[in-house]
Amino acid sequence: MRPSPISCSVDLEADGVQHGHLQLPHSRDDSAWGAIMIPITVAKNGDGPTVLVTGANHGDEYEGPLALVEFANQVCAKDLSGRVIIVPFMNMPAFASGTRTSPIDKGNMNRAFPGRPDGTVTEKIADYFQRHLLPLADLVLDFHSGGGTLDFLPFAASHILEDKDQEARCRAARDAFNAPFSLDMVEIDSMGMYDDAAERMGKTFVTTELGGGATTTPETVAIARKGLRNVLIHAGVLSGVPDHAPSRMLTQNDPGCFHFSPADGMIEYRHGLGADVAKGDLIARIWNTQHTGHPAIDIHAKTHGVLVTRHAKGLIQHGDCLAVLAQIDL
């Protein structure tokens, strides 16, 4: 395989705190010999575990970037035992445009793995993470929220895995994050996901969904900041006492958790996030916007559970995710 075209301006093996960039050459109309500059901070003190922390895998999700730029600004190497690699804006083109996907190639970073060194811009970034950053990590924390199209209860998540020892490590790190909700998560389709790339390498992987609407709240940013610190303490990289509060444990043990819109229209929710929903309950109604005089389409819960995800916008398209439920893990 060809070498990555990305160069890193910091020494990933050196002790101390270094701020620099991942530089990806990118020839474009306004700069023939231009480059995409992705900020990176590496903080290291001696031997110890490595934690790779990332935000803006999708460019319209902001809790992770806010927590990471603050931590990068404040971190002192003397407080560490090991290494933290911080990439606040993983898909920098998408982050700069405030969009889920890259405006350059429409690439969804979280569907681009393992990437290609000779592929699109998004594939080149994914390839660099796949071959150069993920192999260094013992634990990976990737911040997400709902962006412009989804709203979530604030939760940290780990996946149900075939390797139960690895699954237990991921769950322990997820629980250490200590979001208000903690979820054993099932993905609709894991193909090409950063999560799957890390887990296939045997890494301990934690992700989050901390809100939505392509904005933040003081509460969701506080969850991100606390969770980052807690995970670093859990990994043994940062000293201190974790900040723990009660977390409601959830699981997705029923494929009926996912509900999709059967038509285009205007959506009316009958339950808010966090509501307990019984099987058969009316979750939402889809109203026809092309004609008056048409009855709404009622969407009933296919299973019981807590409403953890909903469509963020007032209009919805046929096939869009409308609602996701999760069950209380007793």
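All values below were derived from every heavy atom in this structure, side-chain atoms included, with hydrogens, water molecules and symmetry-related copies excluded. Residue numbers run from 1 in the order of the sequence given.
Hydrophobic cluster membership is shared by L183 and L150, with clusters built from Ile, Leu, Val, Met, Phe, Trp and Tyr side chains linked at under 4.5 angstrom. The cluster map of Ile, Leu, Val, Met, Phe, Trp and Tyr, joined by side-chain heavy atoms under 4.5 Å apart, puts I6 and I36 in the same cluster. Put simply, L68 and V75 are part of the same group of oily side chains (I, L, V, M, F, W, Y) that touch within less than 4.5 Å, one to the next. In this structure, F258 is a member of the same hydrophobic cluster as Y269, with clusters built from ILVMFWY side-chain heavy atoms closer than 4.5 Å. A single hydrophobic cluster is seen to contain both I38 and Y62, as judged by linkage of ILVMFWY side chains at heavy-atom distances under 4.5 Å, directly or through other members.
The main-chain N or O of A126 is never found under 3.5 Å from a side-chain atom of K124 such that the two would form a donor-acceptor pair. Distance alone, capped at 3.5 Å, is enough to place a donor-acceptor pair between the K164 side chain and the L161 backbone. The main-chain N or O of L12 is never found under 3.5 Å from a side-chain atom of K44 such that the two would form a donor-acceptor pair. For the pair D196 (side chain) and M191 (backbone), a donor-acceptor distance under 3.5 Å is absent. In this structure, K203 contributes its side chain and V140 its backbone to no donor-acceptor pair below 3.5 Å. Formation of a donor-acceptor pair under 3.5 Å by the K226 side chain with backbone atoms of N178 is found in this model. N230 places a side-chain N or O within 3.5 Å of a backbone atom of D243 that can act as its donor or acceptor partner. Listed for the D11 side chain is a donor-acceptor partner under 3.5 Å among the backbone atoms of E13. Although no hydrogens or angles enter the test, the distance criterion places no donor-acceptor pair under 3.5 Å between the side chain of D281 and the main chain of I283. Between the R229 side chain and the V241 main chain, a donor and an acceptor come within less than 3.5 Å of each other.
Only one option out of T50, V237, D138 pairs with R83 in a side chain to side chain contact (heavy atoms under 4.5 Å, CB included); it is T50.
Between P180 and P154, the shortest heavy-atom distance links the atoms CD-O, 3.7 Å. The two residues V87 and P39 come nearest to each other via the heavy atoms CG1-O, 3.8 Å. The two atoms that bring H132 and S4 nearest to each other are NE2-CB, 3.9 Å, heavy atoms only. The heavy-atom pair separating A179 from A156 by the smallest distance is CB-N, 3.5 Å. The nearest pair of heavy atoms linking L228 to A67 is CD2-O, 4.0 Å. The two residues L134 and A198 have their closest heavy-atom pair at CD2-CB, 3.9 Å.
Between atom CD of residue Q74 and atom CZ of residue R225 there is a gap of 8.0 Å, rounded to the nearest 0.5 Å. Taking CG of L273 as the reference point, atom CZ of F181 lies at 9.0 Å (rounded to 0.5 Å). Distance CZ/R2 to CG/D127: 10.5 Å, rounded to 0.5 Å. Rounding to the nearest 0.5 Å places CG of D118 at 8.0 Å from CE of M1. Taken from OG in S145 to CG in D60, the straight-line distance is 7.5 Å, to the nearest 0.5 Å. Distance CD1/I85 to CD/Q18: 10.5 Å, rounded to 0.5 Å.
The shortest side-chain heavy-atom distance between I297 and P262 falls under the 4.5 Å cut-off. Contact check for N73 versus V69: no side-chain heavy atoms found under the 4.5 Å cut-off. Looking at I223 and F177, their side chains come closer than 4.5 Å, going by heavy atoms from C-beta outward. Side-chain contact check for E209 versus T309: every heavy-atom pair is 4.5 Å or farther apart. Counting heavy atoms from C-beta outward, L24 and Y128 have side chains that stay 4.5 Å or more apart. Contact check for I160 versus Q252: no side-chain heavy atoms found under the 4.5 Å cut-off. Within the 4.5 Å cutoff, the side chain of V277 has no heavy atoms near those of the V306 side chain. The closest side-chain heavy-atom distance from R100 to E61 is below 4.5 Å.
Using a 3.5 Å distance cut-off with no hydrogens or angles, the side chains of N57 and D142 do pair a donor with an acceptor.
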Q) After noting the C-alpha distance and the side-chain angles of T101 and N91, does the key distance pass the side-chain contact (heavy atoms from CB on, under 4.5 Å) rule? A) CA-CA 8 Å; T101 62; N91 192 342; 5.8 Å; no
Q: For side-chain contact (heavy atoms from CB on, under 4.5 Å), just list the numbers for R270 and R285, CA-CA rounded to whole Å, side-chain angles, deciding distance to a tenth of an Å, and then say yes or no.
A: CA-CA 8 Å; R270 305 305 288 266; R285 311 183 84 188; 3.3 Å; yes
Q | side-chain contact (heavy atoms from CB on, under 4.5 Å) assessment of E63 paired with F143 | A | CA-CA 7 Å; E63 284 85 0; F143 282 99; 5.5 Å; no
Q: Under the side-chain contact (heavy atoms from CB on, under 4.5 Å) rule, what do F95 and M90 come out as? Steps first, then yes or no, please.
A: CA-CA 8 Å; F95 179 80; M90 188 177 180; over 6 Å; no
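Taking 4.0 Å as the cut-off between side-chain N and carboxylate O, D329 and R171 count as a salt-bridged pair.
The aromatic rings of H58 and H144 stand perpendicular to each other, their planes meeting at an angle above 60°, with 30° marking the opposite boundary. Ring geometry for F152 against F155 counts as perpendicular: the plane angle is over 60°, on a 0 to 90° scale with 30° as the lower cut.
Around CG of D30, the count of heavy atoms belonging to other residues, nucleotides or ligands within 6.0 Å exceeds 12.
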